[in-house]
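Structure first, then comments.
The basis for the numbers below is simple: all heavy atoms, side chains too, and nothing from hydrogens, waters or symmetry mates. Lettering follows sequence order; numbering is per chain, from 1.
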Number of protein chains: 2
Amino acid sequence: MDHVDKILAQWRAERPDLQLRPMGLLGRIKRLGSHLGQGMDRVFTAHGLNAASFDVLATLRRSGAPYALTPSQLMDWTMVTSGTMTNRLDRLEAKGLVKRVRSEQDARSVTVQLTEQGLALIEDCVTEHVANQHRLAGTLSEAEQVELDRLLSKWLAGFEPPED
Amino acid sequence: MDHVDKILAQWRAERPDLQLRPMGLLGRIKRLGSHLGQGMDRVFTAHGLNAASFDVLATLRRSGAPYALTPSQLMDWTMVTSGTMTNRLDRLEAKGLVKRVRSEQDARSVTVQLTEQGLALIEDCVTEHVANQHRLAGTLSEAEQVELDRLLSKWLAGFEPPED
DNA sequence: CCATTTTATCTTGAGATCAAGATATTTCGA
DNA sequence: TCGAAATATCTTGATCTCAAGATAAAATGG
């Protein structure tokens, strides 16, 4: 009898006509996402970051040396709008974690690059982040994690037609 | 090769030392939650609502007649802070969907109740919402949905010790 | 070669959220 | 009883996000 079960029990009493299985499933996804987000935030804040700024720094880091992408490329990877990305970059730049470099080939374009300090920070933070994710997933056995990932991948494929 | 797989492939190339299985799992949960949220939003906006206001109205509706709870009870169900709930209630009250009634027993306290208009709206919206959830879950077979729900429940139990 | 369209980024304005603190009321303990 | 602690709600200030539009540069095509 977890929180979602209590919600379903109320609906069952009030609206017995409703088909509630998907509601339980979606409710648990949302709630689990919330708990996992909070769990990951603890590592981010310990490094002076949040999920948004971590997301940008990590995207630059995993793109490989020289750890530089345009704002448009960052928007594609992180799925946020241009206004959001401008705001994120302004804050990261103010903290000295990234720098903007105007492109020489295209005067409209800018390259966002990790600074030395930004690289050192994300390197540490990612290592801890991955260990933290391992801990957060530890409730499930390895076999259960594999099976869960399989089902999630299948569901996700309905929203993101796999390429390649 | 979905979006999450691409991220994992980049990390594998850049940081082969990292243990990436949990990252895939957590990434898919987050991404699926985002797609499902967008899918559900379409029904909410069609009724002039958003996820936040739907959440409040639905909580009042499933609590049963007379469809009235205190702000504190609503905060417990919806897991938002007091400031957020005050803001949500202000907007719903301005739209005439709920009304605040001062308690007679406790002068600190307020009861938030669905108006006739609020009840009619949430009744329609919930019916459509459940049908929409059924559609959103339709990528998976019933057996897969049951198995997925089982794994999610187990994982969630690690964060929300089941009561009752 | 120039007008139009497209591309890349930034700006603006509004809404949602939270943490921290303010206010008013009730409860509790000496 | 009365002062302190707890409770219930609201306020404030900051951040994050998005949609829509502004700005500037590059590409296109007649």
Side-chain angles (χ1 to χ4, degrees), chain A residues 30-31 33-35 37-42 44-46 48-57 59-60 68-95 97-113, chain B residues 30-31 33-35 37-38 40-42 44-45 48-57 59-60 68-95 97-113:
Chain A
K30 179 185 165 193
R31 224 166 150 87
S34 169
H35 287 296
Q38 287 172 26
M40 292 189 291
D41 280 346
R42 285 207 291 278
F44 302 152
T45 59
L49 299 174
N50 59 22
S53 48
F54 175 87
D55 201 16
V56 173
L57 296 182
T59 302
L60 289 169
L69 295 171
T70 64
S72 295
Q73 290 174 312
L74 286 168
M75 286 162 53
D76 289 343
W77 278 111
T78 60
M79 297 210 305
V80 298
T81 60
S82 64
T84 298
M85 186 52 67
T86 298
N87 184 39
R88 289 184 181 187
L89 295 176
D90 286 349
R91 291 178 187 281
L92 287 170
E93 197 170 32
K95 282 183 151 188
L97 300 176
V98 305
K99 60 187 169 193
R100 285 179 168 106
V101 184
R102 301 216 65 88
S103 164
E104 295 180 6
Q105 292 84 44
D106 186 338
R108 294 168 301 180
S109 187
V110 167
T111 294
V112 179
Q113 183 167 25
Chain B
K30 180 185 164 193
R31 224 169 150 86
S34 169
H35 287 296
Q38 287 172 27
M40 292 190 291
D41 280 346
R42 285 208 291 278
F44 302 151
T45 59
L49 299 174
N50 58 23
S53 48
F54 175 87
D55 201 15
V56 173
L57 297 182
T59 301
L60 290 169
L69 295 170
T70 64
S72 295
Q73 291 174 312
L74 286 167
M75 285 161 55
D76 290 342
W77 278 111
T78 59
M79 296 211 305
V80 298
T81 60
S82 64
T84 299
M85 186 52 68
T86 297
N87 185 38
R88 289 184 181 186
L89 295 176
D90 286 349
R91 290 176 189 283
L92 286 170
E93 197 170 31
K95 281 182 151 187
L97 300 176
V98 305
K99 60 186 169 195
R100 283 179 168 108
V101 183
R102 300 216 67 87
S103 165
E104 295 179 6
Q105 293 84 42
D106 186 339
R108 293 167 302 180
S109 187
V110 168
T111 294
V112 179
Q113 182 167 25

(message) Of all nucleotides in DNA chain D that come within under 4.0 Å of a heavy atom of chain A, which is furthest toward the 5' end and which toward the 3' end?
(response) dC16(D) to dA26(D)

(request) Measure the distance from CZ on F54(B) to P on dA16(C) and round it to the nearest whole Å. (result)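 In whole Å, dA16(C) P and F54(B) CZ are 16 Å from each other.
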
(request) Sequence neighbours left out, what passes salt bridge (charged side-chain N to carboxylate O under 4.0 Å, His left out) with D106(A)? Give chain and number order. (result)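 Once residues adjacent in sequence are excluded, the partners of D106(A) under the salt bridge (charged side-chain N to carboxylate O under 4.0 Å, His left out) criterion are R108(A).
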
(request) Go through the structure and list residues passing salt bridge (charged side-chain N to carboxylate O under 4.0 Å, His left out) with D90(A), not counting sequence neighbours. (result) R100(A)

According to side chain to side chain contact (heavy atoms under 4.5 Å, CB included), who are the partners of [X], at least two apart in sequence or on a separate chain?
X: N50(A); result: A52(A), S53(A)
X: A46(A); result: none
X: T81(A); result: T84(A)
X: K95(B); result: L97(B)

(message) Can you list everything that forms a side-chain hydrogen bond (donor to acceptor under 3.5 Å, both in side chains) with D41(B)? Sequence neighbours excluded, please.
(response)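 Not a single residue meets the side-chain hydrogen bond (donor to acceptor under 3.5 Å, both in side chains) criterion with D41(B).
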
(message) Within residues 98-111 of chain A, which residues have any heavy atom lying less than 4.0 Å from an atom of DNA chain C?
(response) R100(A), R108(A), S109(A), V110(A)

(request) Strictly below 4.0 Å, heavy-atom distances to any atom of DNA chain D: list the hits from residues 73-88 of chain B, or just say none. (result) S82(B), G83(B), T86(B)

(request) Could you say whether N50(B) or L89(A) is positioned toward the 5' end of DNA chain C, judged by the nucleotide with the nearest heavy atom to each? (result) L89(A)

(request) Compare all side-chain heavy atoms of T70(A) with those of V110(A) and state whether any distance is below 4.5 angstrom. (result)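 When only atoms from C-beta onward are counted, V110(A) and T70(A) do not touch, as no gap falls below 4.5 Å.
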
(request) Among residues two or more places apart or on two chains, list those pairs meeting salt bridge (charged side-chain N to carboxylate O under 4.0 Å, His left out) that have a residue in residues 69-84 of chain B. (result)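 Non-adjacent pairs meeting salt bridge (charged side-chain N to carboxylate O under 4.0 Å, His left out): zero.
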
(request) Enumerate the residue pairs fulfilling salt bridge (charged side-chain N to carboxylate O under 4.0 Å, His left out) with a member in residues 78-89 of chain A, sequence neighbours excluded, ordered by first and then second residue. (result)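 Found D55(A)-R88(A).
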
